[in-house]
Amino acid sequence: MGMRQMELRVLGWRYQNIRGGIRDVTVTLDEGSRWTLLQMPNGTGKTTTMTLMRAALTGADLTVEEIAGLRADDEAETGLFELRLLIDDKPYRIELQLDFVGRRHSYRTTRAQLQSGGSEEGWHLPATLRRLLTPDFTRLFVFDGEFAKDIRSESKDRTTKSIRTLYRLDQLDTLKGEISKLVVAEQERAAAITSAKERKGVTRLSNALDEAEETLDGLKRTLNGHRAEKTKLDKRQAEIFGRIADRTAQDEKFATRRAQLDARMTTLGLRIAELSTDSLGAMRSPAKVSSALLDRLRGLGTRLTTLQLPKTISKEFFNELAHAKECVCARGIGPDQRDAILNGAAKYLAEDQITIINRMKSAVRESDATGSEFAELASELKRNLRERRSVEQQMEQLQQEQIDAGDDQLRQLLFEQKGNELRLVDLTKEISWLTTTDKLTQILEQLDWSDNIALCKAEVETCKRRLATATQTMAFMKAAESIGGLVDAVAAQALENLRESVREATNAKLARLVKGEPLRVARIGTALELSSNGVAVKTGVSEGQSLAVAYAFITSLLSAAPYRLPFIVDSPAVSLDTRVRREVGDVIPELFEQMIMFVISSEKDGFADAFYPRDDVRYLTIWKDEGDASQMREGLDEFRRFHANEKVTAE
């Protein structure tokens, strides 16, 4: 039996004293209309409407600047935006009341099931929706073009947050929070029955734990910051390298020499990598390290064969033991024990050592090593490293000649590159200090729990154990940790399964939407990571491709969710070519029970006209007449006809 889907529909909205071409306009949507196309020229108030809808859906706080920006004119003292909703067949009305003089705002909610007359101050949607409708998540279905860029930005982390919120994985975090509260309650209960002196000790241990956890959080934030900065600098260095190469290539005087140096550097890099691997392999084979060591190994094998070692040593051990007064276990050895030791000795005569040594002797005897392999490889590696340094110096000399010839831009690029190199060295060192788990490195660098994550985690665990022991809650705490680990495992697996499901569905839609280039989502992490044929990580996409990726992702994300949400979009096809517009017009509408699309007249071709043959489509046109009065008309004929006056009314 599937999970029941909560349904949210928009029934309409009303403006009062709002700037643009929407002053005192009321939009009423038919409950039976699945698709609404609302044509508004640029400057009429599409973006303002989207902002007001998000505010009404989330109960967001507006700044005084945002409130002032909504004012129709200097004479308007108050304003209103009213959003009418249907939530699981129950009507709601959210009013955003604006005081333009005092630069204040407030919300009022009207619900049919409320006994106090239906209306009350504040923003009061059902609890399940309140948890869902965060400002970030609401941008998924009250959609604008900026979000298409955000879902490919790691710093925004839109994708994973959206999946966790929509599919209620955040409830597992709530469960972990409740488990933590139970642990705290048990600790307080145990501490309450101890003496004042013991309570002081518990407080001290609790403070130590808080300090360690705060330090750990700070170290993780620092690490994330360093990694983000390093990623940014690495990308910038790659860009600078390309620009430097381009500048040299543009100058015929230097281009040929640079091409020759680049080719030689590539060849040397490949050979050095090959020699490094071969040298490491030779170093792991003692017979290849030196001829003297090879001779000694062969001599050792010969002596072991002559002396029949280690069998002779093992046999002598049992013979001496049989004639001793006491065994190694401190028991007396009599005639019966002596006979048993001598008779049973053959069972324990180091067969495992004999096998290993025989293999070693055979390997040395059959080896075709000369003992000089490592030295030869190391010598060639040194020559290649010296030559690479020479090529690097020639490149530096070439760049200096180009700078001396008047290339100031190259000078600036090299200066920035050097500064970035120094910063990257510092970042690499600091990241290493934060993340190293090697004990020797921690000792040599004099790291402690205040500047190393692994040591800080150990300190946190130590503080937890001390606190748990002091409050006699160790068993309770272990059970809570076990459950918490299980919750984490469930959450991680569920998130991974959802990511993969959404990724596959997204790629299926991209195959229809982006036909010119086989664009795919390679991975869903904190952002959508894209790939294409021959390009493992694709970062540069056109605005149209970006929008197509966003549509494919959002529709895949929302289609199987436990909520049925409307899809409200501003200028859905303005950056798409005609073919992609038609594909979007065919793919997206079927995935939503309600779509509200704010369009301009240029989007009719290829997108809006794809809806003309459909039933259940509502067409609205809003504009400002020559007297700046807001006008609205309904119907397909007016929608199709409206174009000639758009330039005038949009201004």
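- Between the side chain of Asn507 and the backbone N or O of Val521 there is at least one donor-acceptor pair closer than 3.5 Å.
- Between Val617 and Phe611, the closest heavy-atom pair is CG2-O, 3.9 Å.
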Go through the steps for Glu82 and Arg93 under the test salt bridge (Lys or Arg N to Asp or Glu O under 4.0 Å), then give the verdict.
CA-CA 7 Å; Glu82 174 188 281; Arg93 187 170 71 245; 3.3 Å; yes

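- A side-chain contact (heavy atoms from CB on, under 4.5 Å) with Gln39 holds for exactly one of Lys604, Lys46, Met597, Glu603; it is Lys604.
- A salt bridge links Lys230 to Asp234: one of the charged nitrogens lies within less than 4.0 Å of a carboxylate oxygen.
- The heavy-atom pair separating Pro126 from Ile87 by the smallest distance is CD-CD1, 3.9 Å.
- For the atom pair Arg54 CZ and Phe141 CZ, the distance stands at 10.0 Å (nearest 0.5 Å).
- For the residue pair Asp24/Gln16, the side-chain donor-acceptor check at 3.5 Å is not satisfied.
- Arg34 and Asp616 are not joined by a salt bridge, as no carboxylate oxygen comes within less than 4.0 angstrom of a charged side-chain nitrogen.
- The residue from Asp570, Thr47, Leu620, Ile22 that alone fulfils the side-chain contact (heavy atoms from CB on, under 4.5 Å) condition with Met40 is Ile22.
- Put simply, CG on Leu565 and CD on Glu593 are 11.0 Å apart, with the number rounded to the nearest 0.5 Å.
- Ile568 places none of its side-chain heavy atoms less than 4.5 Å from the side chain of Phe143.
- Ring orientation note: the planes of Trp623 and Phe642 are tilted relative to one another, at an angle of 30° to 60°.
- Note on Arg618 versus Glu634: salt bridge recorded, some NZ/NE/NH1/NH2 to OD/OE distance being below 4.0 Å.
- For the residue pair Asn497 / Gln493, a side-chain donor-acceptor distance below 3.5 Å is found, with atom types taken as modelled.
- The salt bridge (charged side-chain N to carboxylate O under 4.0 Å, His left out) test applied to Asp210 returns no partner, not counting sequence neighbours.
- Considering OG of Ser119 and NE2 of His124, their distance stands at 9.5 Å, rounded to 0.5 Å.
- The closest side-chain donor-acceptor pair between Lys624 and Thr44, if any, does not fall under 3.5 angstrom.
- Using a 3.5 Å distance cut-off with no hydrogens or angles, the side chains of Thr621 and Glu638 do not pair a donor with an acceptor.
- For the pair Thr58 and Leu133, the tightest heavy-atom approach, listed with the atom from each and the gap, is CG2-O, 3.3 Å.
- Using a distance-only test at 3.5 Å, with no hydrogens or angles considered, a donor-acceptor pair links the side chain of Arg499 to the main chain of Ile524.
- Partners of Ala76 under the side chain to side chain contact (heavy atoms under 4.5 Å, CB included) rule, at least two apart in sequence or in another chain, are Asn17, Arg23, Arg71, Asp73, Phe100.
- The aromatic rings of Phe81 and Tyr15 sit tilted relative to each other, their planes meeting at an angle between 30° and 60°.
- In this structure, Arg614 forms a cation-pi arrangement with Trp35, its terminal cationic atom sitting closer than 6.0 Å to the ring centre and no more than 45° off the ring axis.
- Rounding to the nearest 0.5 Å gives a distance of 5.0 Å between CG of Leu86 and CG of Leu11.
- Salt bridge annotation for Glu229-Lys232: absent, with no cationic side-chain nitrogen under 4.0 angstrom from a carboxylate oxygen.
- Taking 4.5 Å as the limit, every side-chain heavy atom of Thr134 sits out of range of all side-chain heavy atoms of Thr138.
- The two residues Thr109 and Trp123 have their closest heavy-atom pair at OG1-CA, 3.4 Å.
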